[in-house]
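Counting starts at 1 for both ligands and their atoms, in listed order.
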Amino acid sequence: MKMKDVILMQQIHGNNVVMVGKKDIGTTIPNCDAMITSDPGVTLGVRVADCLPIFVVDEKGRGIGLIHAGWRGLENEIIVKTIQKMENQWKMETGKLKIIIGPHICPEHYEVKEDVASKFSSYVKGVTLNSGRTFLDLSEVARQQLVSLGVKNEDITIDSKCTFDDPILPSFRRDKTTQRNLITLSI
Ligand SMILES: [Zn+2]
């Protein structure tokens, strides 16, 4: 996969979802943290180091979505917005979507401040307290948001690999790195 064949996003921890197509190949979409497309042959790319890369695939092949989400994206409902946009564009049902969440930082390594944790206190097991420190489980929050949208739990696959633990994967928390892991999804 060459970079000139991929559509990338600026990734500003916002919640803007953009519909892209063949005309965007080789570009980076500004003010964008999620993309959807139905153009055959298009490859979407997300660059991550600790955040969630979330793949949304329609069983019937009508379209795909790719989401970049950290806690800000989850708080601002980027997953909901992406799936709603796919539903509106292609009349797909959330019960027919397959979701894959790629490698991300695990809850044991994702300490957050209390004001961040308090935004997710309504999610069962979303926040864990340990010795006066607070930890957030990004993929568990994402899973609960997906299920509440109507995605079946068995259609959600979560990669348990932790970016902080795995020296091969870039981790911002571990190294304060500018390196990112590029993950792509094609239709
Ligand atoms: Zn970890």
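Cation-pi geometry between Lys125 and Tyr123 is not satisfied (NZ or CZ under 6.0 Å from the ring centre, within 45° of the ring normal).
Checking side-chain atoms of Lys85 against main-chain N and O of Met35 turns up no donor-acceptor pair under 3.5 Å.
A distance of 10.5 Å separates NE2 of His109 from CG of Asp50, quoted to the nearest 0.5 Å.
When all heavy atoms of Ile78 and Ile67 are compared, the closest pair comes out as CG2-CG2, 3.7 Å.
In this structure, Gln89 places its CD atom where more than 12 heavy-atom neighbours from other residues, nucleotides or ligands lie under 6.0 Å away.
Of all protein N/O/S atoms, those lying under 2.8 Å from the Zn ion (ligand 1) come to 4.
The hydrophobic cluster containing Leu182 does not contain Leu169, counting ILVMFWY residues as joined when their side-chain heavy atoms lie under 4.5 angstrom apart, directly or transitively.
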